[in-house]
Amino acid sequence: MTGEITSRRISPSALAAPATGIVLVLFVLPLLAVIVAGLTASDGSDITLAHYRQIATDPAYAAALLRSLQDTVVVTLIALVLAFPFAWVLAEWLPRWLQPLALLLVALPALASVAARAYAWRLTLAQDGLVSTALVDAGFLAAPLQLVGTRAVMMVALTHFATVLMTLAIFVALRRLTPDARRAAADLGAGPLAHLRHLVLPLAWPGIAAGTFLTFAATFGDQVTPKLLGSPQQPVLTDLVAGGIGSGNLPMAAALTTGMAAIMALVWLGCTALLSVARR
Amino acid sequence: MRFPARGGAFLYVVVLYAFLLLPVAVLAAHSFSQPGGGIPTYLALGRDPNMLHAVAGSTVIALASSLIAVLLAGPAAYALARHQPLHAPAMRRGLLAPLATGYLTVGIGLLVLSVAAGWPLGLWTVGAAHLVMALPVCFIVFSLAIDDRHIACERAARDLGASEQEVLRQVTLPMLAPAAVAGFLLAVLVSWVELPAAFLVAGPSRTMPLLMFDRAESGGSSVAALALVTIVLALIPATALVRMLFARDTA
């Protein structure tokens, strides 16, 4: 291999250098700045662990962390349960020529920003929104419901987008579930269970791992949906980060972000481990 | 295989599509049904300088950051897959790190750094955030596309007497081209709708999602129409990407 490398060929390190440089300048350096900022006193004078101590001891922070994690895990699990059968039926059932259109339809809500989706849910579920009005008109409710500003509405919006992401990831993985593969499985005498276990699941696995990470990241790091739809009395982590920035307490926001980045990195490692299990 | 319950499966697909498409349908209906809505709303958007600025800003950021990301990620992914240097696993992990920690971290990071260094916030910082997030996305797309067959083809070309230049121009680059296009399209889409980082580092500038956020908070009437325009424009790269996804498989 080394003998092949002549003076005319650029070395692999040189090929990877520009990308590495960008990551160093635009990611590693900012991340270090965040870590340092999180260790700086709020008046900027001293190195301190005060912010981390406050996060660890102040029950408001612990409650927000717990809420964020709980919401994210619940949303990710519901999305997986809803999306897997959905993507499977689409991949197994639809004729090949229809599948690109089916995928595009699933992707449609993801083509608008999170602000547009949150606005749509507000239109649907607000006190004078579509659902409330319809229920009152039909006589099911005496008075309109106040839903916006509750955790329930926020969870509906988060679950919706999580299901979109999860379906996209699994459907893209399952496009290899071709008629040939299905026929081969049937010829080998695979019943419905064997079909699922030995053909569909192995193909879907990378999509499940990728979808789980994307869903976790999108839900955990979402500061817009909680802001536009969530309950101000029950803030999540991103609300506190935004609060820190808004009140000029950048060090506190930085400390919270460092913690969130560490949690996300752990989830990333978990999902890549899932991927390598699938490859074995 | 036969589905045990075809009727049930059909019903499930209909219900899920209804759930997933509900917000889009509500936005479309709202943009037409409200007083003064419909075509006039859309025509008014075309004359709204804020909206035109935001579309221009979002477009430039999406195209530029995605193009640079492809040009940087392609050689890196190729070098790591083709030559497999000793430090390849560590480098791979490093290049994927921005994706692993997410937009919020990148946004806060650039915000803290800009404040500390005294850099002005604007479309530049949004573009920087999108570039560093598009890089791992493109890197993954390239890495999935480069396999042993590519390396075998290069070796065959070399054995047949092709020079390094010819191998690069006639074998390597054409084989990487589909991944470059797919990575570019995906990065454009991700950048086009991105809000969490832009929210933090846009300063006084506005991208489409930011404009939508401002108006959603103040309850402005044009939000629904704005969202529909965003979706329709995004359908161009989205359709191209989906076609590629399914075309490559049948080939």
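Side-chain atoms are counted along with the backbone in the values below, which use heavy atoms only and exclude waters and symmetry mates.
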Q: Do A/L250 and B/L111 have side chains that get closer than 4.5 Å, going by heavy atoms?
A: yes
Q: If you count heavy-atom pairs under 4.5 Å with chain B, which of A/T163, A/L105, A/V156, A/V114 comes out on top?
A: A/L105
Q: Which atoms of A/A37 are under 4.5 Å from chain B, going by heavy atoms: the side chain, the backbone, both sets, or neither?
A: side chain
Q: At a 4.5 Å cut-off on heavy atoms, which part of B/F19 comes close to chain A: side chain, backbone, both, or neither?
A: both
Q: Which region of A/V106, side chain (C-beta onward) or backbone (N, CA, C, O), has a non-hydrogen atom less than 4.5 Å from a non-hydrogen atom of chain B, or is it both or neither?
A: both
Q: Could you have a look at A/W268, A/F161, A/F220 and say which one has the most heavy-atom pairs with chain B under 4.5 angstrom?
A: A/W268
Q: Between B/L99 and chain A, which part of the residue has a heavy atom less than 4.5 Å away: side chain, backbone, both or neither?
A: both
Q: Could you state the interatomic distance from OG1 (A/T272) to CG (B/L96), rounded to the nearest 0.5 Å?
A: 9.0 Å
Q: If you compare all heavy atoms of B/L135 against all heavy atoms of A/A19, which two are closest, and at what distance to 0.1 Å?
A: CD2-O, 3.6 Å
Q: At a 4.5 Å cut-off on heavy atoms, which part of A/I245 comes close to chain B: side chain, backbone, both, or neither?
A: side chain
Q: Hey, which of B/G102, B/P196, B/A88 has the most heavy atom pairs under 4.5 Å with chain A?
A: B/P196
Q: Against chain B, label A/F213 side chain, backbone, both or neither, depending on which of its atoms sit under 4.5 Å from a heavy atom there.
A: side chain
Q: What part of A/V241 is in contact with chain B, defined as an atom under 4.5 angstrom from a non-hydrogen atom: side chain, backbone, both or neither?
A: side chain
Q: Specify the closest pair of heavy atoms between A/A116 and B/A227, including all atoms of both residues, with the distance to one decimal.
A: CB-CB, 3.6 Å
Q: At a 4.5 Å cut-off on heavy atoms, which part of B/F199 comes close to chain A: side chain, backbone, both, or neither?
A: side chain
Q: Nearest 0.5 angstrom please: B/I236 CD1 to A/L111 CG, how far?
A: 11.0 Å
Q: Which of the residues B/A97, B/A73, B/A69 is involved in the greatest number of heavy-atom pairs with chain A at under 4.5 angstrom?
A: B/A97
Q: Which region of B/A117, side chain (C-beta onward) or backbone (N, CA, C, O), has a non-hydrogen atom less than 4.5 Å from a non-hydrogen atom of chain A, or is it both or neither?
A: neither
Q: Can you see which heavy atom on B/L27 is nearest to which on A/Y119, and at what distance?
A: CD2-CD2, 3.9 Å
Q: I'd like to know which of A/A253, A/A115, A/A262 tops the heavy-atom pair count under 4.5 Å against chain B.
A: A/A115
Q: Under the side chain to side chain donor-acceptor pair (under 3.5 Å) test, which residues partner A/T225, sequence neighbours left out?
A: A/D222
Q: CG/A/L108 to CG/B/L235 distance, rounded to the nearest 0.5 angstrom?
A: 5.5 Å
Q: Which one wins on heavy-atom pair count under 4.5 Å against chain A: B/P75, B/P98, B/A234?
A: B/P98
Q: A/L31 versus B/T101: any side-chain heavy-atom pair under 4.5 Å?
A: no
Q: Given a strict heavy-atom distance threshold of 4.5 Å, which part of A/A110 is in contact with chain B: side chain, backbone, both, or neither?
A: backbone
Q: Distance check, rounded to the nearest 0.5 Å: B/L95 atom CG versus A/L24 atom CG?
A: 9.0 Å
Q: To check you understand the geometry: which heavy-atom pair defines the closest contact between A/A120 and B/P23, and what is its length?
A: CB-O, 3.5 Å
Q: Chain A heavy atoms under 4.5 Å from B/L200: which part of the residue, side chain, backbone, both or neither?
A: side chain
Q: Please classify the contact of B/S114 with chain A as side chain, backbone, both or neither, using a heavy-atom distance under 4.5 Å.
A: neither
Q: Does any backbone or side-chain atom of B/L195 lie under 4.5 Å from a heavy atom of chain A? Answer side chain, backbone, both or neither.
A: side chain
Q: Of the backbone (N, CA, C, O) and the side chain (C-beta and beyond), which part of B/L20 lies under 4.5 Å from a heavy atom of chain A, both, or neither?
A: both
Q: Could you tell me which portion of B/I231 (side chain, backbone, both or neither) has an atom closer than 4.5 angstrom to a non-hydrogen atom of chain A?
A: both
Q: How about A/L29 and B/L113: do any of their side-chain heavy atoms sit closer than 4.5 Å?
A: yes
Q: Is B/M212 in contact with chain A via its backbone, its side chain, both, or neither, using a 4.5 Å heavy-atom distance?
A: both
Q: Which atoms of B/V13 are under 4.5 Å from chain A, going by heavy atoms: the side chain, the backbone, both sets, or neither?
A: both
Q: Of all the heavy-atom pairs spanning A/L26 and B/A128, show the shortest one and how long it is.
A: CD1-O, 3.7 Å
Q: At what distance, to the nearest 0.5 angstrom, does CZ of A/R175 lie from CG of B/L245?
A: 5.0 Å
Q: For A/T238, is it the side chain, the backbone, both, or neither that has a heavy atom closer than 4.5 Å to a heavy atom of chain B?
A: side chain
Q: Determine, step by step, whether B/L104 and A/M260 satisfy the side chain to side chain contact (heavy atoms under 4.5 Å, CB included) criterion, reporting the C-alpha distance in whole Å, the side-chain angles of both residues, the deciding distance to 0.1 Å, and the verdict.
A: CA-CA 9 Å; B/L104 195 64; A/M260 288 182 70; 3.8 Å; yes
Q: Using non-hydrogen atoms only, which part of A/Q223 is less than 4.5 Å away from chain B: side chain, backbone, both, or neither?
A: side chain
Q: Heavy-atom pairs under 4.5 Å with chain B are the metric here; pick the option from A/A265, A/A107, A/P85 that has the most.
A: A/P85
Q: Side chain from CB out, backbone as N, CA, C, O: work out which of these in B/L22 comes under 4.5 Å of a heavy atom of chain A, or both, or neither.
A: side chain
Q: Specify which of B/T230, B/L71, B/V26 makes the most heavy-atom pairs with chain A at under 4.5 Å.
A: B/V26
Q: What residues form a ring-ring contact (aromatic ring centres under 6.0 Å, His included) with B/Y17, not counting sequence neighbours?
A: A/F86
Q: Kindly give the heavy-atom pair with the smallest separation between B/Y12 and A/L82, and that separation in Å.
A: OH-O, 2.6 Å
